[in-house]
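Before any comments, here is the structure.
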Amino acid sequence: MENVVEFTNVTKKFKDFSVKNIDLQVKQGFVTGFIGANGAGKSTSIKMMMNLLRPDVGEIKLFGLDYKKHEKAIKERIGFVYDGNVFFEGLNMKDIKRIVAPAYKHWDDKVFYQYIEKFELPLNKAIKTFSKGMQMKASLAIALSHHAELIIMDEPTAGLDPIFRRELLGILQELMIDGNRTIFFSTHITTDLDRIADYIAFMQSGELVFNQSIHDVAENYAIVKGRLDLLDRDTEKAFIHVHRATTGFEALTDNTKAVQNIFGNSVAIDRASLEDIMYHLKGGIHHV
Amino acid sequence: MFNLIRRDVILQKRQLLLFIPFILFFIIMGKHPAFTFLVASIFIPFNTYAYDEKAETNILLNSLPYTRTEIIASRYLGAIIYMILAIGVTSLTLLVFNKPFTMTDIAIGCGLFLLFAAFTFPLFYIFKPGYIFPVVLICFLLLSAIGPAIVTFLTEHLNAITDFIVNLTVTSLYTGATLSIMIVYAISWGLTNIIYQRKAL
């Protein structure tokens, strides 16, 4: 299986924040959801993926190519959608197309107008008069009109109403029918991912905690509930994080099988949602 | 890269309608033709920076298949192209209004514009957005207020230099000035390029 994006040991330091030792692979032909709390380092990673930021240490390759030598060739193959509107807000869609289209060798006017029609976007109205959802659709129409192989999106669903969010996910699903396409998108609304993601990459305090298929995440991670007297120094080792209450404990494990072997039927094991995982890992990763 | 230069016109369609009245104002006010050429040249390139100082614009341009070197080159080449166009339009307007001007006026206007651009373009990439326009405006006002005084001071007190300049033939004076301006412009271009390469977006 080929990797479209490859981060090898990437580190980027800022004054009060850093992204450390990231090894991330994004597989071709799949949807990878990029999750993590606000400030976990998702946007920084995406900016490095787009070469807006350069890593202090480590190597970043897209399509097996290096930004130093192949910047234009790489960006020709990427469609990008950012959280906010990056297009000149005073311009209408027609003028934005006039500016963006000539930048791409493979720009396809036919596809562009198809999306304009599909998304019911006005061509002659300034972008700033668009609602948040329409701006999102406008960005998407532009990102999808040059036959990009990799679509990178930073928080595309943030600030959208539930109906539009679902519509967007539908559009993304349709895109994936073309087997060569890869979608990488960050979100903190984890329920978006249950519907469409094949892989989940999870960032926490500047570190990549895991990057697994959604199936593996469901299989390995579990929420375990039981009586407090079951916990001791040895049994706790099976958990990543334990939350104690007077009525009993709730813990997260990344090794469901081990927990089954240790506790048998004395505990309740439930599937851990992505939100459960994010919550239990909020203090960082360290086995108790 | 030509697309990057052409972008300025698409962005400034509406402002361009103001261009003629803008020049007319200076012509009717009876300003020196060289000064009119200068302000006319400044119009488009500096208007573009009003858009480009926004962080989003830099994110957009850098996400498109352009390199940072190309983005800066389009600024510096674009400034020259728009300067030439602006001078053409201004000359025509002056002719229509039957105002006399000389090639020297054009040369002085161009020279001053290129120098002004050379000193201010790097600032757009050093200062944070929002601070730049005041900085440039202050620079411009200071230069126009103090500039002539400095020149007068120099001519009065530094005889060695003035003697040297006065003794130059017209040709060598022009060649010297052209060369120095070109060198300053090229250094500014190189400097901005280095700053922009390192900029975190």
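Note that the structure is a prediction, hence the values are computed from the model and not measured. Heavy atoms only: backbone and side chains are in, while hydrogens, waters and symmetry mates are out. Proteins come first, then strands; the chains are lettered A, B, ... in the order of their sequence lines, and each starts at number 1.
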- Message: Test side-chain contact (heavy atoms from CB on, under 4.5 Å) on A:I99 and B:R6; report intermediate values, then the result.
- Response: CA-CA 8 Å; A:I99 290 176; B:R6 205 182 61 131; over 6 Å; no
- Query: Counting only heavy atoms not in A:K13, do more than 12 sit closer than 6.0 Å to its NZ atom?
  - Reply: no
- Message: Run the side-chain contact (heavy atoms from CB on, under 4.5 Å) test on A:L52 and B:S63 for me, step by step, so that the C-alpha distance in whole Å, both residues' side-chain angles and the decisive distance to 0.1 Å come before the verdict.
- Response: CA-CA 7 Å; A:L52 299 177; B:S63 302; 4.1 Å; yes
- Message: Are more than 12 heavy atoms, taken from residues, nucleotides or ligands other than A:F17, located less than 6.0 Å from that residue's CZ atom?
- Response: yes
- Part of B:R198 lying under 4.5 Å from any heavy atom of chain A: neither
- Would you mind checking which part of A:Y67 comes under 4.5 Å of any heavy atom in chain B, side chain (CB onward), backbone (N, CA, C, O), both or neither? neither
- Kindly check if the number of other-residue, nucleotide or ligand heavy atoms within 6.0 Å of NZ (A:K125) is above 12? no
- When rounded to the nearest 0.5 angstrom, what distance separates CZ in A:F88 from CG in B:L11? 4.5 Å
- Using modelled atom types only, decide if a donor and an acceptor are shared between the side chain of A:R54 and the backbone of B:Q197 within a distance under 3.5 Å. yes
- side-chain contact (heavy atoms from CB on, under 4.5 Å) between A:F80 and B:L60, intermediate numbers included: CA-CA 9 Å; A:F80 56 89; B:L60 170 65; 3.9 Å; yes
- Go through the steps to decide whether A:Y104 and B:L64 satisfy the test side-chain contact (heavy atoms from CB on, under 4.5 Å), and finish with yes or no. CA-CA 8 Å; A:Y104 292 105; B:L64 293 172; 3.3 Å; yes
- Using a strict 4.0 Å threshold on nitrogen-to-oxygen distance, state whether B:R68 and A:E71 make a salt bridge. no
- Task: Evaluate the side-chain proximity of B:T67 to A:K72: yes if any heavy-atom separation is below 4.5 Å, no if none is.
- Result: yes
- Mind listing the closest non-hydrogen atom pair of A:L91 and B:I10 along with its distance? CD2-O, 4.2 Å
- Item | Over 12 non-hydrogen atoms of neighbours within 6.0 angstrom of CZ in A:F14 | yes
- With only heavy atoms counted, which part of B:N62 is less than 4.5 Å from chain A, the side chain, the backbone, both or neither? both
- Of all heavy-atom pairs between A:K75 and B:P65, which one has the smallest distance, and what is that distance? CB-CA, 3.7 Å
- With distance as the sole test, does B:K199 use its side chain to make a donor-acceptor pair with the main-chain N or O of A:L53 at under 3.5 Å? no
